[in-house]
Protein chains: 2
Amino acid sequence: MTQCEDHEECISTAIERADRICFQKQLKFTDLRKEILRLIWEGHGPQKAYDLLNKLQKTNPSAKPATVYRALDFLIKNGFIHKVASLNAFVGCSHPLKHKECYFLICDDCKNISECCDPNITAAIQATTAQNEFSAKNTTLEISGHCNECLKQI
Amino acid sequence: MTQCEDHEECISTAIERADRICFQKQLKFTDLRKEILRLIWEGHGPQKAYDLLNKLQKTNPSAKPATVYRALDFLIKNGFIHKVASLNAFVGCSHPLKHKECYFLICDDCKNISECCDPNITAAIQATTAQNEFSAKNTTLEISGHCNECLKQI
DNA sequence: TTATGGGGTGTGATATTGTAACGTTGTTGG
DNA sequence: CCAACAACGTTACAATATCACACCCCATAA
């Protein structure tokens with residue numbers, strides 16, 4: 001699940017990517033927003049808002065819930081992270097800009113999340129919404145269970 | 001979305017169905033659980049836990065959050081309702097026993113929810129999880145947008 | 001140059017959602 | 001009957017999230 005060979009590199013790649021996109025789109029990628037994005041990628045799994053707050057307070061003791069939630073709002077709105085509704089947690093997006101819809105495989109054991117963005121699923125969902133004459137704006141697809149690595153270890 | 005010709009009948013049908021299933025499965029469908037299920041169906045849309053608590057307190061002034069959440073746990077566990085993760089709300093299941101997975105179309109305007117349980121989506125999801133060697137336990141698929149009725153009214 | 005307006009942040013308060021823990025009651029099988 | 005367990009009552013609290021208002025910075029127009 002969401003392996004990376006060199007996690008430091010994986011984090012900095014994500015930050016640089018965001019930096020680039022923000023520059024192109026003229027978005028303000030402030031230190032605070034960058035720090036929150038970094039903390040999310042450091043965890044490399046779904047991160048809870050208040051855990052992020054605790055970590056942020058190590059370098060920024062006066063941080064408050066709103067501090068974190070505002071940064072999260074920015075990051076979500078611009079596609080750098082996703083909210084995982086079934087966990088009330090937040091996870092870095094591996095490919096911002098690439099697509100609107102993201103689906104997740106969530107391992108209950110190792111807590112890792114992988115984005116699985118299958119076009120077949122998207123097509124099936126579109127067919128169903130069309131059939132129901134429903135105009136979809138946002139899709140939340142979160143599949144929990146056990147990843148292959150964890151299954152092997154049993 | 002989730003229309004019903006006679007809402008009183010629709011509620012009582014749901015209650016009777018649950019009653020029957022509980023009898024068959026030897027589950028204790030207590031007054032409290034029945035009342036919560038009734039309140040959920042009365043709303044005929046996603047109901048928030050604390051709204052249910054307020055309504056419950058009209059007939060049961062000493063009800064507490066735990067009172068509601070315990071009843072909700074029972075109803076979810078036995079398939080009579082679903083939790084809508086993206087809304088932190090609860091909605092009655094139109095066909096308990098029929099299937100494990102339920103997908104939702106959620107109208108942002110009229111707040112109605114309809115279950116859309118398309119086998120094609122299920123198949124697409126299964127194909128993807130298989131391909132990722134992931135053993136799925138639970139699937140949350142919640143599609144928000146606008147239903148046809150609301151689109152027409154614009 | 002100033003003013004002015006919007007975005008981002010600081011800060012305190014509060015709202016909303018959900019659980020833990022422990023005691024009591026009531027049912028039920030042995 | 002009574003031991004055991006499920007359901008419920010009750011208190012407290014934990015976890016998640018938002019609001020409101022003040023302040024600062026800085027880009028831009030007057």
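All values below come from the heavy atoms of this structure, side chains included, with hydrogens, waters and symmetry mates left out. Naming convention: chains lettered A, B, ... in sequence-line order (proteins, then strands); numbering from 1 in each chain.
Both A/Phe74 and A/Pro65 lie near DNA chain C, and the one whose nearest nucleotide falls closer to the 5' end is A/Phe74. The residue among B/Ala49 and A/Ala71 whose nearest nucleotide of DNA chain C is located toward the 5' end is A/Ala71.
Side-chain atoms of A/Lys83 lie closest to D/dA17 of the nucleotides D/dA17, D/dT11, D/dC8. In this structure, of D/dA20, D/dT10, D/dA17, it is D/dA17 that holds the atom nearest to the side chain of A/Asn88.
With B/His7 contributing its side chain and B/Trp41 its backbone, the two residues share a donor-acceptor pair below 3.5 Å.
Regarding B/Asn60, its CG atom lies at a distance of 13 Å from the C1' atom of D/dT10, rounded to whole Å. The CG-P distance, from B/Asp73 to D/dA7, rounds to 11 Å in whole Å. For the pair B/Lys28 NZ and D/dA7 P, the interatomic distance rounds to 5 Å; values are reported in whole Å. Here D/dA17 presents its P atom at 9 Å from CG of A/Leu72, a figure rounded to the nearest Å. For A/Leu52 and D/dA17, the CG to C1' distance is 14 Å, given to the nearest whole Å. When the C1' atom of D/dC8 is taken as reference, atom CD1 of B/Ile36 falls 13 Å away, rounded to whole Å. Atom P of nucleotide D/dA17 and atom CG of A/Asp51 are separated by 12 Å, given to the nearest angstrom. One interatomic measurement links the two molecules: CZ of B/Phe29 to P of D/dC8, which rounds to 11 Å at whole-angstrom precision.
The shortest distance between the side-chain N/O atoms of A/Lys48 and the OP1/OP2 oxygens of D/dT16 is below 4.0 Å. Here B/Thr30 reaches the OP1 or OP2 of D/dC8: one of its side-chain N or O atoms lies under 4.0 Å away.
Contact record, B/Glu35 with B/Leu56: CG-CD1, 3.6 Å, taken as the closest heavy-atom pair.
Classification of B/Arg38 and B/Glu42 as a salt-bridged pair holds, one side-chain N sitting under 4.0 Å from a carboxylate O.
Between A/Phe80 and A/Phe29, the angle of the ring planes lies from 30° to 60°, which puts this pair in the tilted group.
Remark: A/Ser86 engages A/Val84, A/Ile106, A/Glu142, B/Ala85, B/Thr140 in a side-chain contact (heavy atoms from CB on, under 4.5 Å) (not counting sequence neighbours).
A/Arg33 comes within 4.0 angstrom of the backbone, heavy atoms only, and of no base. Note on A/Ala66: a base of the nucleic acid sits closer than 4.0 angstrom, heavy atoms only.
Considering only heavy atoms from C-beta on, B/Leu72 comes within 4.5 Å of B/Ile40 through its side chain.
Boundaries of the chain B contact region on DNA chain C are C/dT17 to C/dA21, first to last in 5' to 3' order (nucleotide atom under 4.0 Å from a heavy atom).
A/Tyr50 qualifies as a stacking partner of the D/dT16 base, centre to centre under 5.5 Å and near-parallel within 30°.
Side-chain contact check for B/Thr122 and B/Tyr103: at least one donor-acceptor pair (N or O, by modelled atom type) lies under 3.5 Å.
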